Amino acid sequence: MGKFQVISHPLIQHKLSILRREDTSTKVFRELVNEIAMLMGYEVSRDLPLEDIDIQTPITKTTQKQLAGKKLAIVPILRAGIGMVDGLVSLVPAAKVGHIGMYRDEETLQPVEYLVKLPEDIDQRQIFLVDPMLATGGSAILAVDSLKKRGAANIKFVCLVAAPEGVKALQEAHPDIDIYTAALDEKLNDNGYIIPGLGDAGDRLFGTK
Ligand code: PRP
Ligand code: URA
């Protein structure tokens with residue numbers, strides 16, 4: 001079974017509380033999503049492999065470490081996942097960015113995929129699949145299906161707010177992937193929204209409602 005980790009650093013909890021407030025503006029919401037993603041990135045990238053590199057300092061030759069092996073791809077689930085990309089890219093500027101477009105049918109709550117654009121060598125990359133919300137889990141499951149269909153084998157799912165129902169569904173469908181969240185909330189309501197949650201992440205991020 002992959003890892004499940006709630007990254008509950010005090011800075012993250014503080015920023016997340018502001019993010020949840022209904023009176024938080026689109027501008028601040030956008031800034032906070034990126035900041036929290038960046039703070040989470042520190043932990044999510046903890047087991048990236050290192051290799052030795054010989055360098056010359058002004059004083060002497062020395063063997064030090066650099067990131068090695070598998071390269072990284074950051075893959076946001078559109079729309080709301082886009083809000084997390086810049087924060088993560090600021091930590092790993094060489095990362096490639098793929099996109100998976102998906103929306104939830106508001107009646108059936110089933111995800112509908114409308115776009116997949118990934119780096120060509122996605123099968124050789126460590127993937128950070130990002131979406132602020134893990135609610136029923138349908139979107140994340142379909143996104144992982146889509147990545148695996150294209151050969152991806154090394155996937156970490158990173159979200160800000162997760163419902164227990166979504167965590168369970170994603171773990172059952174894809175027991176091999178690691179899941180990181182900034183908060184594990186109480187449950188879903190009848191419309192598939194997370195309680196207490198933060199509302200519709202895409203609408204709040206892009207100001208569309
Ligand atoms: C939201 C969110 C996730 C999905 C989570 O996207 O960003 O992708 O819902 O719900 P699930 O776990 O039940 O699938 P939404 O469908 O609202 O699309 P949008 O980001 O384009 O607004
Ligand atoms: N998608 C969202 O944006 N928010 C929720 O609470 C559930 C799904």
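Everything quoted here is computed from the prediction, not taken from an experiment. Order of appearance sets the numbers: ligands from 1, and atoms from 1 within every ligand. Below, each value reflects all heavy atoms present in this structure, side chains not excepted, and no hydrogens, waters or symmetry copies.
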Item checked: Identity and separation of the nearest protein heavy atom to atom 5 (C) of ligand 1 -> M133 O, 3.6 Å
Check: Hey, is A201 touching ligand 1 through its side chain, its backbone, both or neither, going by heavy atoms under 4.0 Å?
Finding: neither
Margin query: Looking only at protein heavy atoms, which one is nearest to atom 5 (C) of ligand 2, and what is the separation?
Written below: Y193 CD2, 3.4 Å
Next item on the list: Give the atoms of ligand 2, by number and element, whose distance to some non-hydrogen atom of G199 is under 4.0 Å.
Entry: 2 (C), 3 (O), 4 (N), 5 (C), 6 (O)
Check: Counting both backbone and side chain atoms, is some N or O of G202 under 3.5 Å from an N or O of ligand 1?
Finding: no
Next item on the list: Of all the heavy-atom pairs spanning E186 and P196, show the shortest one and how long it is.
Entry: N-CD, 4.2 Å
Margin query: For the OH atom on Y103, are there more than 12 heavy atoms of other groups (residues, nucleotides or ligands in this structure) within a distance under 6.0 Å?
Written below: no
Item checked: Residue A80 vicinity, atoms of ligand 1 by number, heavy atom under 4.0 Å -> 7 (O), 20 (O)
Margin query: Is P111 close enough to touch ligand 1? Criterion: a residue heavy atom under 4.0 Å from a ligand atom.
Written below: no
Checklist line | Distance from atom 19 (P) of ligand 1 to nearest protein heavy atom, with residue and atom | finding: R79 NE, 3.6 Å
Note to self: Show me the pairs that pass salt bridge (charged side-chain N to carboxylate O under 4.0 Å, His left out) and involve residues 189-209, at least two apart or across chains.
What the structure shows: R79-D203, D203-K209
Next item on the list: Any chance you could lay out the side-chain contact (heavy atoms from CB on, under 4.5 Å) test for L170 and F157, step after step, and finish with the verdict?
Entry: CA-CA 10 Å; L170 183 55; F157 179 76; 3.8 Å; yes
Next item on the list: Please write down residue, atom name and distance for the protein heavy atom closest to atom 17 (O) of ligand 1.
Entry: D200 OD2, 3.9 Å
Next item on the list: Please indicate, with yes or no, if any protein heavy atom is found under 4.0 Å from atom 1 (C) of ligand 1?
Entry: no
Next item on the list: Output the list of atoms in ligand 2 that are nearer than 4.0 Å to some heavy atom of A201, sorted by atom number.
Entry: 2 (C), 3 (O)
Checklist line | Mode of A135 contact toward ligand 2 - side chain, backbone, both, neither (heavy atoms, under 4.0 Å) | finding: side chain
Next item on the list: Grab the two heavy atoms, one from A80 and one from L205, that are nearest each other, plus how far apart they are.
Entry: O-CD2, 3.4 Å
Check: Can you tell me which residue and heavy atom of the protein come closest to atom 6 (O) of ligand 2, and the distance to 0.1 Å?
Finding: I194 N, 2.8 Å
Next item on the list: Treating Ile, Leu, Val, Met, Phe, Trp and Tyr as nodes and any side-chain heavy-atom pair under 4.5 angstrom as an edge, say whether I36 and V130 lie in one connected cluster.
Entry: yes
Item checked: Result of checking I194, L134, L198 against D185 for side chain to side chain contact (heavy atoms under 4.5 Å, CB included) -> I194
Notebook entry, point to check: Around K61, counting heavy atoms of other residues, nucleotides and ligands shown, do more than 12 lie under 6.0 Å from its NZ?
Noted result: no
Next item on the list: List the steps and the verdict of side-chain hydrogen bond (donor to acceptor under 3.5 Å, both in side chains) for R150 and S146.
Entry: CA-CA 7 Å; R150 292 165 176 84; S146 204; 2.9 Å; yes
Margin query: Can you name the atoms of ligand 2, numbered from 1 with element, that are less than 4.0 Å from a heavy atom of R104?
Written below: 7 (C), 8 (C)
Margin query: Counting only nitrogen or oxygen atoms and a 3.5 angstrom limit, does Y114 reach ligand 1?
Written below: no
Note to self: Does any part of the side chain of H9, heavy atoms only, come nearer than 4.5 Å to the side chain of E43, both counted from C-beta?
What the structure shows: no
Checklist line | Backbone or side-chain N or O of G192 under 3.5 Å from ligand 1 N or O | finding: no
Notebook entry, point to check: G41 and S45: which non-hydrogen atoms are nearest, and at how many Å?
Noted result: O-OG, 2.6 Å
Margin query: Does ligand 2 come near enough to G192 that some N or O of the ligand is less than 3.5 Å from an N or O of the residue?
Written below: no
Next item on the list: Indicate whether atom 8 (O) of ligand 1 is within a distance of less than 4.0 angstrom of some protein heavy atom.
Entry: yes
Notebook entry, point to check: What is the nearest protein non-hydrogen atom to atom 3 (C) of ligand 1, stated with its residue, atom name and distance?
Noted result: D131 OD2, 3.0 Å
Notebook entry, point to check: Under 4.0 Å from any heavy atom of G138, which atoms of ligand 1 are there?
Noted result: 12 (O), 14 (O)
Notebook entry, point to check: Closest non-hydrogen protein atom to atom 10 (O) of ligand 1, residue and atom name please, with distance?
Noted result: R104 CD, 3.2 Å
Notebook entry, point to check: Tell me, which protein residue and heavy-atom name are nearest atom 14 (O) of ligand 1, and how many Å apart are they?
Noted result: S139 OG, 2.6 Å
Margin query: Before you tell me yes or no, could you show the steps for M84 and L160 under side-chain contact (heavy atoms from CB on, under 4.5 Å), namely the whole-Å CA-CA distance, both residues' side-chain angles and the distance that decides it to 0.1 Å?
Written below: CA-CA 9 Å; M84 298 170 69; L160 305 189; 3.8 Å; yes
Margin query: Count I, L, V, M, F, W, Y as connected when their side-chain heavy atoms are under 4.5 Å apart, and connections chain through other members. Are I18 and I7 then in the same cluster?
Written below: yes
Margin query: As a test of understanding, state which of T24, V33, V161 forms a side chain to side chain contact (heavy atoms under 4.5 Å, CB included) with L19.
Written below: V33
Item checked: Proximal ligand 1 atoms for G137, defined as those under 4.0 Å from one of its heavy atoms -> 11 (P), 12 (O), 13 (O)
Item checked: Y103 neighbourhood, listing ligand 1 atoms whose heavy-atom distance to it stays under 4.0 Å -> 16 (O)
Note to self: Assess whether a salt bridge exists between D178 and K156, defined as any Lys/Arg side-chain N lying under 4.0 Å from an Asp/Glu carboxylate O.
What the structure shows: yes
Note to self: Regarding ligand 1, does T136 bring an N or O atom to under 3.5 Å of one of the ligand's N or O atoms?
What the structure shows: yes
